[in-house]
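Beneath this line is the structure, given in structure tokens, with notes to follow.
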Protein chains: 2
Amino acid sequence: MELDEKDRQLVKLLQEDCKKTTKEYADNLQLSKTAVYERIRRLERTGVITNYVALVDKEKVERDFTVLCHIKLVQHTKENVLRFEREILKLAEVSECFHVSGDYDYILKVSVKNMKNYREFMVTKLTAINNIGSTQSSFSIREVKNSPSVYI
Amino acid sequence: MELDEKDRQLVKLLQEDCKKTTKEYADNLQLSKTAVYERIRRLERTGVITNYVALVDKEKVERDFTVLCHIKLVQHTKENVLRFEREILKLAEVSECFHVSGDYDYILKVSVKNMKNYREFMVTKLTAINNIGSTQSSFSIREVKNSPSVYI
DNA sequence: AATAATTATAGATTTTTATTCTATTTTTGA
DNA sequence: TCAAAAATAGAATAAAAATCTATAATTATT
């Protein structure tokens, strides 16, 4: 799907706030309500917009202890990798997990309440997964930026 | 603010999909429309829910080349740190930036189109920031999980 | 370049949902 | 135990989404 300038502006607005009225986006983009309505439907239909979600203040729900956990596997057989990834998907504390090149195999973003809970997570959940060679935890001292949006 | 079980379930639902009707959440939680409506307003008012956003398919908008970039600063004076963070905030390609403990000072999540664009980003934007000592780029081979939501 | 076909847009209408209101129930605290 | 406060349900109203019809703009075709 080709995005024109109006589409890009619209996606930008929807990534900032998806709960405005069609009329508000329309006024902002100098289009009619129907035009914006149809454009949004098209963005949804073609899969550019995948879903709409509420964002939560991690501090308010006591999950603002964030750790970037670097993991090396012992063995890199297909079965081991798939099992590892399947197990990671089950862990609610892990909001992001990337298989990466470089010094480590995986980088995880983990959000828990405090160090005690992180230790618990490590001991009872993470290292319970077979085939983990070593881990290196980088504790977040400060969140400079943390947004799910993508510039377009 | 204290969250009861209904609140937690509601936040979970809203983090998955914030565009359902009040009635749908009400049916799911076995509450009336008004009860759910008031609970949502309270979650917003107390700052548990910060905002509502559209999520975009990075592949569809050609920003699915993801890199976790580890940065060491040369000097850690207050001014240097603040200037570095101020400059990072300006870079649209950086969706996340954490000041961390451990081997590196900062970990960034960068989303661009391809390696060529990443190189451009590094050369013209990132290393243009003063005070960067060294960088280590971990290229995402596969996104196992990538969600902005928090378990509660 | 002219015209047909397609697509996008605007404005009006209808339908659905959010919001407000009032009464009732439940919970909390003295 | 009772009064006050908070939460809930259901009804009424207001607002927005969704649809429809007509028009304008764009694209493709000859």
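Proteins come first, then strands; the chains are lettered A, B, ... in the order of their sequence lines, and each starts at number 1.
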Take the C1' atoms of the five end pairs on each side of the helix from C:dA1-D:dT30 to C:dA30-D:dT1, derive the two axes, and give their angle rounded to 10 degrees.
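Answer rounded to 10°: the end axes differ by 50°.
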Give me the distances for all protein-to-nucleotides 23-26 of chain D N/O pairs that come in under 3.5 Å?
none

In whole Å, what is the span from the [atom1] atom of [X] to the [atom2] atom of [N]?
{"X": "B:Arg45", "N": "D:dA6", "atom1": "CZ", "atom2": "C1'", "value": "12 Å"}
{"X": "B:Tyr52", "N": "C:dA18", "atom1": "OH", "atom2": "P", "value": "11 Å"}
{"X": "A:Glu2", "N": "C:dT7", "atom1": "CD", "atom2": "P", "value": "15 Å"}

So that I can tick it off, tell me whether B:Arg39 and B:Asp4 are bridged by a salt bridge, with the cut-off set at under 4.0 angstrom between side-chain N and carboxylate O.
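The answer is yes: the pair qualifies as a salt bridge.
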Please determine if B:Glu120 and B:Lys116 form a salt bridge, counting it only when a charged side-chain N lies under 4.0 Å from a carboxylate O.
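So B:Glu120 pairs with B:Lys116 through a salt bridge.
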Between B:Asp103 and B:His70: side-chain donor-acceptor atoms closer than 3.5 Å:
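The criterion, which ignores hydrogens and geometry beyond distance, is not satisfied for B:His70 and B:Asp103.
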Can you list, in residue-number order, the parts of residues 35-43 of chain A that come under 4.0 Å of DNA chain D, counting heavy atoms only?
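Only A:Tyr37 qualify.
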Tell me which residues in residues 18-32 of chain B put a heavy atom below 4.0 Å from DNA chain D, sorted by number, or none.
B:Leu31, B:Ser32
Show your working on salt bridge (Lys or Arg N to Asp or Glu O under 4.0 Å) between B:Glu38 and B:Arg41 and close with a plain yes or no.
CA-CA 5 Å; B:Glu38 290 301 333; B:Arg41 295 309 294 266; over 6 Å; no
So B:Phe65 and B:Phe139, would you call those rings parallel, tilted or perpendicular, with 30° and 60° as cut-offs?
tilted
For B:Cys18, does its backbone N or O pair with a side-chain atom of A:Lys19 as donor and acceptor, under 3.5 Å?
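It does hold such a pair.
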Once each nucleotide of nucleotides 23-30 of chain C is scored for protein heavy atoms under 4.0 Å, what B/S/- sequence comes out, 5' to 3'?
--------
Given a cutoff of under 4.5 Å between side-chain heavy atoms of I, L, V, M, F, W and Y, with clusters grown through shared members, what are the other residues clustered with A:Tyr104?
none
